[in-house]
Amino acid sequence: MLKKFLTSTFLIGALAVSSVSMASTAHAQDASANARYLAGEFERRHDANVELAADIARIAMVAEYPGIVVSEIMMSEQMTMEDRDQFLDLVDPFFASAAAQATSELQAHVRRVGWDGIAEAGSVTMSIAFDIVANSRDLTFKRSTLSVFEPYAVNYDINSYSYALLHDDVMAASGEPQKYGTAGQCENGAWVPAAMASTPQVDAAREEIGLGPMAELIEAESEYCSM
């Protein structure tokens with residue numbers, strides 16, 4: 001789900017910043033030279049990026065909203081397992097359409113300013129953009145973003161596990177070994193990872209983004225397989 005603060009603190013703060021700037025001006029004469037410089041830098045970055053940041057947040061809501069509505073219905077309405085499966089099949093076109101629209105709009109921003117331009121709007125905006133990519137059904141586009149988001153996973157600016165899932169899903173869909181070992185299945189009461197790079201390589205990749213070694217993952221997942 002889209003993070004709540006994106007529609008509260010983040011966006012409301014962006015809309016209210018003009019009044020903050022006016023209040024700050026009244027105290028400018030009492031501020032140090034460095035404080036005045038920092039305030040000027042804030043204003044420059046804000047004015048340059050607020051519209052882009054707000055639009056990325058809007059695009060993310062387009063992608064996320066079908067899931068929000070579905071979750072509310074599933075929590076409030078009675079349904080059998082058969083009803084649920086048929087219901088999800090019936091509304092899947094809404095998810096596909098929303099994902100396609102969000103992908104198209106994000107790609108338009110990438111063509112216009114590049115990923116570097118979106119990154120200038122800050123790590124929060126990049127995190128929102130990552131959510132859009134994760135929801136996308138465009139495999140080629142998703143693959144093109146893996147190197148873009150890897151540094152953000154390393155620095156924990158985006159959810160590292162979500163990045164690992166995205167990376168492994170893209171690799172698996174392309175018939176290539178997974179990098180982080182997140183995909184697997186239960187076999188004879190134990191969890192077996194899908195095709196992946198060598199265990200030392202996978203462990204090194206997992207460590208780089210803050211995930212534990214494969215042995216721990218296999219042990220934890222196998223507990224569920226044996227239930």
Side-chain angles (χ1 to χ4, degrees), residues 1-24 38-39 41-73 75 91-167 169-170 209:
M1 297 300 174
L2 188 62
K3 303 175 183 67
K4 290 183 179 179
F5 73 87
L6 297 179
T7 54
S8 56
T9 304
F10 179 61
L11 294 181
I12 293 171
L15 294 174
V17 76
S18 58
S19 62
V20 174
S21 298
M22 292 176 63
S24 298
L38 293 172
E41 181 64 10
F42 161 81
E43 187 171 355
R44 182 192 69 79
R45 295 188 190 187
H46 169 269
D47 291 350
N49 297 312
V50 64
E51 292 185 4
L52 174 61
D55 200 45
I56 296 294
R58 178 195 61 78
I59 294 169
M61 180 56 81
V62 169
E64 297 281 354
Y65 198 64
I68 293 172
V69 176
V70 162
S71 293
E72 291 176 347
I73 290 175
M75 291 178 64
V91 300
D92 185 67
F94 288 89
F95 283 83
S97 176
Q101 178 182 340
T103 297
S104 177
E105 292 191 29
L106 179 59
Q107 287 174 320
H109 281 303
V110 173
R111 287 192 297 270
R112 183 172 62 85
V113 300
W115 280 111
D116 287 343
I118 295 174
E120 287 181 5
S123 58
V124 170
T125 298
M126 284 296 284
S127 177
I128 302 169
F130 172 76
D131 291 340
I132 299 170
V133 172
N135 276 314
S136 175
R137 301 190 182 190
D138 185 332
L139 181 63
T140 301
F141 178 53
K142 292 168 82 167
R143 187 178 188 121
S144 73
T145 69
L146 296 181
S147 61
V148 171
F149 289 112
E150 184 173 8
Y152 291 87
V154 171
N155 293 328
Y156 310 122
D157 290 322
I158 61 175
N159 185 285
S160 298
Y161 184 65
S162 295
Y163 173 77
L165 287 173
L166 172 64
H167 198 294
D169 284 346
V170 169
I209 62 171

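- Taken to the nearest 0.5 Å, the OH atom of Y156 stands 15.5 Å off from the OG atom of S127.
- Judged by distance alone, the side chain of K142 and the main-chain N or O of L166 form no donor-acceptor pair under 3.5 Å.
- Nearest approach of T145 to V133, heavy atoms of both residues: OG1-CG1, 3.3 Å.
- What you find for L52 and G117 is that their closest heavy atoms are CD2-O, 3.8 Å.
- Aromatic ring orientation, F141 versus W115: parallel (interplanar angle below 30°, classes split at 30° and 60°).
- One finds the OG atom of S160 at 10.5 Å from the CD atom of E150 (value rounded to the nearest 0.5 Å).
- Here the straight-line distance linking atom CG of D157 with atom CE of M126 works out to 9.5 Å at 0.5 Å rounding.
- Annotation: the span from I158 atom CD1 to I209 atom CD1 amounts to 8.5 Å, rounded to 0.5 Å.
- Rounding to the nearest 0.5 Å places CG of D131 at 12.5 Å from OG of S136.
- The nearest pair of heavy atoms linking N159 to Y161 is OD1-N, 3.0 Å.
- Between Q107 and D138 there is a side-chain heavy-atom pair separated by less than 4.5 Å.
- N49 contributes no side-chain N or O that, together with a main-chain N or O of G122, makes up a donor-acceptor pair within less than 3.5 Å.
- Applying the 6.0 Å contact sphere to OH of Y65 captures no more than 12 heavy atoms from other residues, nucleotides or ligands.
- Counting only heavy atoms from C-beta outward, the side chains of E105 and I132 never approach each other to under 4.5 Å.
- In this structure, S104 contributes its side chain and A100 its backbone to no donor-acceptor pair below 3.5 Å.
- In terms of heavy-atom proximity, A119 sits nearest to Y152 at CB-OH, 3.4 Å.
- Contact annotation: the side chain of H109 approaches that of I59 to within less than 4.5 Å [non-hydrogen atoms, C-beta and beyond].
- Contact detail for A98 and V62: the closest heavy-atom pair is CB-O, 3.3 Å.
- The OG atom of S71 lies 9.5 Å from the CD1 atom of I73; values are rounded to the nearest 0.5 Å.
- With salt bridges taken as basic N to acidic carboxylate O contacts below 4.0 Å, none links R112 and D55.
- Classified by interplanar angle (parallel below 30°, tilted 30° to 60°, perpendicular above 60°), the ring pair H167/Y163 is perpendicular.
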